Amino acid sequence: MRIATWNVNSLRSRIDRVEAFLERHDVDVLALQETKAREDQLPLMGLQARGYDVAAAGTNQWNGVAIISRVGLEDVQVGFDGMPGFGDPVAAEARAIGAVCGGVHLWSLYVPNGRKVEDPHYVYKLDWLARLREAAGKWLGEDCALVGDWNIAPTDDDVFDIKQFEKSTHVTPPERAAFQAFLDDGYAEVTRAHAPGYTYWDYYRQRFERDRGLKIDFVLGSPSLAARVTGAFIDREERAGTGASDHAPVVVDLS
DNA sequence: ATGGTAGTTGGACTA
């Protein structure tokens, strides 16, 4: 089974790329973030014609998550138990959607950005991660994958120039500790060993062309799921050219 | 310290 995660930065503006990506790599399950679409706005016809089911949560403007699957889509859950809200509760819920696809318990996660360390959104981010950790602790015994845009660069090597991030979110010790806590609990990050390199490049200043990016998109697997991983890669080509998302998809193969 | 680009919109906000 082949699963993938992609911060698509608007599903409506990139539906052609999504469909091409699914075909190009023969993907069974795709977790999307920043879909920026209500469920009634989703462009479903091309996906359904290709045999995929879709579950989604989101507003028309910000955030938004979805799961696209051709191996079943059961027990769909929007948000996790204890997930904190921030502002609009609908937008808050549009950061996590879970489902069972082909026997795998998969969560598409859009971790809050944090904005600036002095912003209330940064506290919200840390709280959100702590609550997710509490919920995820109960899923360690099943084949569980926590996939998505974590908005955390776990090491200095995951940033093109760590000096530029001295006072920025994504690299602070509390954020890195929050990420590490999942690993301490027993989750394993399964992509890094197979797929080095960045997953996100800012749109401006030709960051992609100069490979000045961040590694912030990850797949965390429970022990039994991690044991099934046979490979992974980052689809860098998807980030190239006009009309690309600012994130590249990350693909993982399971036995 | 600021601005650079992209998306949703139809101004301002988010990333």
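Everything numeric here is computed off the predicted structure, so don't read it as measured data. In the text below, chain A, chain B and the rest are named by the order of the sequence lines, each starting its count at 1.
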Using a heavy-atom cut-off of under 4.0 Å over every strand shown, decide if A:Y200 touches base, sugar-phosphate, or nothing.
->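 Here A:Y200 touches no strand at all.
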Could you check whether A:R212 gets within reach of a base, just the sugar-phosphate, or nothing at all, counting any heavy atom under 4.0 Å?
->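 The residue A:R212 makes no contact with any strand.
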First of A:N113 and A:A244 reached from the 5' end of DNA chain B, by closest nucleotide |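 Whichever sits nearer the 5' end wins; that is A:A244.
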Tell me which of A:R38 and A:R207 sits closer to the 5' end of DNA chain B, going by the nucleotide each one is nearest to.
->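 Its nucleotide being nearer the 5' end, the pick is A:R207.
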Proximal nucleotide (of [options]) relative to the [X] side chain:
{"X": "A:W62", "options": "B:dT8, B:dA15, B:dG7", "value": "B:dG7"}
{"X": "A:Q41", "options": "B:dG7, B:dA15, B:dT9", "value": "B:dT9"}
{"X": "A:Y203", "options": "B:dG11, B:dG4, B:dA6", "value": "B:dA6"}

Rounded to whole angstrom, note down the [atom1] distance from [N] over to [M].
{"N": "B:dG3", "M": "B:dA15", "atom1": "C1'", "result": "15 Å"}
{"N": "B:dT14", "M": "B:dT9", "atom1": "C1'", "result": "13 Å"}
{"N": "B:dG7", "M": "B:dG11", "atom1": "C1'", "result": "14 Å"}

Give the rounded distance in Å between these two atoms: [atom1] of [X] and [atom2] of [N].
{"X": "A:L11", "N": "B:dA6", "atom1": "CG", "atom2": "C1'", "result": "16 Å"}
{"X": "A:Y204", "N": "B:dG4", "atom1": "OH", "atom2": "P", "result": "11 Å"}
{"X": "A:Q164", "N": "B:dG4", "atom1": "CD", "atom2": "P", "result": "16 Å"}
{"X": "A:I15", "N": "B:dG7", "atom1": "CD1", "atom2": "P", "result": "15 Å"}
{"X": "A:H170", "N": "B:dA15", "atom1": "NE2", "atom2": "C1'", "result": "8 Å"}
{"X": "A:D217", "N": "B:dA15", "atom1": "CG", "atom2": "P", "result": "15 Å"}
{"X": "A:F208", "N": "B:dT5", "atom1": "CZ", "atom2": "P", "result": "18 Å"}
{"X": "A:D88", "N": "B:dT14", "atom1": "CG", "atom2": "P", "result": "12 Å"}

To the nearest 0.5 Å, what is the distance between [atom1] on [X] and [atom2] on [Y]?
{"X": "A:D217", "Y": "A:H247", "atom1": "CG", "atom2": "NE2", "answer": "5.5 Å"}
{"X": "A:Y52", "Y": "A:E19", "atom1": "OH", "atom2": "CD", "answer": "10.0 Å"}
{"X": "A:M83", "Y": "A:R95", "atom1": "CE", "atom2": "CZ", "answer": "9.0 Å"}
{"X": "A:L22", "Y": "A:R2", "atom1": "CG", "atom2": "CZ", "answer": "11.5 Å"}

Please confirm whether the shortest side-chain N or O distance from [X] to OP1 or OP2 of [N] is below 4.0 Å.
{"X": "A:N60", "N": "B:dT9", "value": "yes"}
{"X": "A:R115", "N": "B:dA15", "value": "yes"}
{"X": "A:R205", "N": "B:dG3", "value": "no"}

Indicate, with yes or no, if the rings of A:F80 and A:W139 have centres closer together than 6.0 Å.
->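 A:F80 vs A:W139: aromatic centres not under 6.0 Å.
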Can you tell if the side chain of A:K125 reaches within under 4.5 Å of the side chain of A:D119, non-hydrogen atoms only?
->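 Not in contact.
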